[in-house]
Amino acid sequence: MSQRIGYNLRRAAAVFSAEFTHAVEGTGMRQILVGILSVVAANPGVNQGTAGRLLGIKPANMVAFITELTDAGLIMRDIDPIDRRAFTLTVTPRGAALLDDCSQRLDSHEDELLTGFTDFEKATFLDFLSRVTRSAGPVRPKAPAVRGGPVRPCDTSSAQSR
């Protein structure tokens, strides 16, 4: 398994996820909320549905997240002047300050995790990850659970000998 890119990406993602949680401790923020806040900050007045699609969030879930951010005073939700059935989103000054705080904390933690990487290596790594994400296209729904018995681990011995 250690030669599989996906396996190593998943392990690295787990490390980064744990560090994310540690970095933003005490702010009340979670990854999904920071992601939404980041998209809205970069796209003031963005339609709520568009923001959700950019992040691969289902509309029903997006409503709950936006309500949470609105109730916390981090985002303003207004009726979209073009489509009065939809909402546009804007980050409040409080939301911008919190996003800035979280970003600084996350930058510090990423710097620690990537100690030993040159700036060129970091840029190359980010480029590789971005290319994988772009090649996958839109976020796909999760595959249904496997039915009919326990899932058996795959045999990687033949893959390693190729």
Side-chain angles (χ1 to χ4, degrees), residues 4-115 117 122-147 151:
R4 296 204 178 272
I5 292 171
Y7 172 77
N8 284 289
L9 279 173
R10 176 66 185 104
R11 290 196 52 173
V15 169
F16 273 83
S17 181
E19 282 299 314
F20 182 100
T21 300
H22 180 69
V24 300
E25 189 173 26
T27 66
M29 296 299 284
R30 304 185 308 277
Q31 284 184 0
I32 192 73
L33 299 178
V34 171
I36 293 169
L37 210 51
S38 297
V39 166
V40 175
N43 303 281
V46 67
N47 176 289
Q48 181 173 315
T50 301
R53 280 188 297 280
L54 286 170
L55 293 166
I57 302 171
K58 294 178 184 177
N61 295 337
M62 188 66 171
V63 170
F65 293 135
I66 295 303
T67 298
E68 185 176 347
L69 290 166
T70 301
D71 290 350
L74 304 175
I75 283 183
M76 287 181 14
R77 176 174 36 194
D78 295 306
I79 295 174
D80 188 330
I82 297 169
D83 179 357
R84 301 202 49 84
R85 299 168 297 163
F87 292 100
T88 59
L89 306 172
T90 309
V91 174
T92 65
R94 182 172 180 216
L98 183 57
L99 180 59
D100 184 54
D101 179 40
C102 288
S103 294
Q104 288 178 27
R105 292 171 180 227
L106 292 168
D107 288 347
S108 176
H109 274 263
E110 278 195 8
D111 287 346
E112 286 179 36
L113 283 173
L114 298 174
T115 297
F117 283 70
K122 290 177 190 177
T124 302
F125 186 47
L126 187 58
D127 177 58
F128 289 161
L129 293 172
S130 296
R131 287 166 50 189
V132 168
T133 303
R134 282 192 310 270
S135 72
V139 177
R140 297 181 212 155
K142 289 183 179 180
V146 176
R147 298 180 192 264
V151 177

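- Using a distance-only test at 3.5 Å, with no hydrogens or angles considered, a donor-acceptor pair links the side chain of Ser103 to the main chain of Leu99.
- Annotation for Leu106 and Ala23: closest pair CD2-CB, 3.9 Å, computed over non-hydrogen atoms.
- The aromatic rings of Phe125 and Phe117 sit tilted, their planes meeting at an angle between 30° and 60°.
- When all heavy atoms are compared, the tightest approach of Thr27 to Cys102 is OG1-SG, 4.0 Å.
- Of the N and O atoms on the side chains of Arg53 and Thr50, at least one donor lies less than 3.5 Å from an acceptor on the other residue.
- Here CZ of Arg4 is found 13.0 Å from CG of Leu9. Values are rounded to the nearest 0.5 Å.
- Going from atom CG of Leu55 over to atom CD of Gln31 covers 12.0 Å, rounded to the nearest 0.5 Å.
- Contact record, Ala41 with Val91: N-CG2, 3.5 Å, taken as the closest heavy-atom pair.
- Residues Ile36 and Met62 meet the side-chain proximity criterion, which asks for heavy atoms closer than 4.5 Å.
- The line from CG of Leu98 to CE of Met29 is 5.0 Å long, rounded to the nearest 0.5 Å.
- At a threshold of 4.5 Å between non-hydrogen side-chain atoms, the residues Glu110 and Phe16 count as touching.
- Here Ser38 contributes atom OG and Leu54 contributes atom CG; the two are 12.0 Å apart, rounded to the nearest 0.5 Å.
- Residue Ala51 comes nearest to Leu89 through the heavy atom pair CB-CD1, 4.4 Å, listed as atom of the first residue, atom of the second, then distance.
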I'd like to know whether Arg105 forms a side-chain contact (heavy atoms from CB on, under 4.5 Å) with Asp101, so could you lay out the CA-CA distance, the side-chain angles of the two residues, the decisive distance to 0.1 Å, and finally the verdict.
CA-CA 6 Å; Arg105 292 171 180 227; Asp101 179 40; 3.2 Å; yes
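- Side-chain contact between Lys122 and Asp111 is present, with at least one heavy-atom pair separated by less than 4.5 Å.
- Side-chain contact between Thr67 and Arg77 is present, with at least one heavy-atom pair separated by less than 4.5 Å.
- Asn47 has its side chain out of reach of Phe87: every pair of non-hydrogen atoms, C-beta onward, lies at least 4.5 Å apart.
- In this structure, CD1 on Ile57 lies 3.5 Å from CD1 on Ile32, to the nearest 0.5 angstrom.
- Put simply, the side chain of Ser108 never gets that close to the backbone of Gln104: no donor and acceptor are under 3.5 Å apart.
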>> Set out, in order, the CA-CA distance, both residues' side-chain angles and the distance that settles side-chain contact (heavy atoms from CB on, under 4.5 Å) for Val34 and Phe20, then state yes or no.
In response: CA-CA 10 Å; Val34 171; Phe20 182 100; 3.7 Å; yes
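- Distance check: Gln48 CD to Ile75 CD1 gives 9.0 Å after rounding to the nearest 0.5 Å.
- Closest non-hydrogen pair, Gly73 versus Thr92, comes out as O-OG1, 2.6 Å.
- Between Glu68 and Leu74 there is no side-chain heavy-atom pair separated by less than 4.5 Å.
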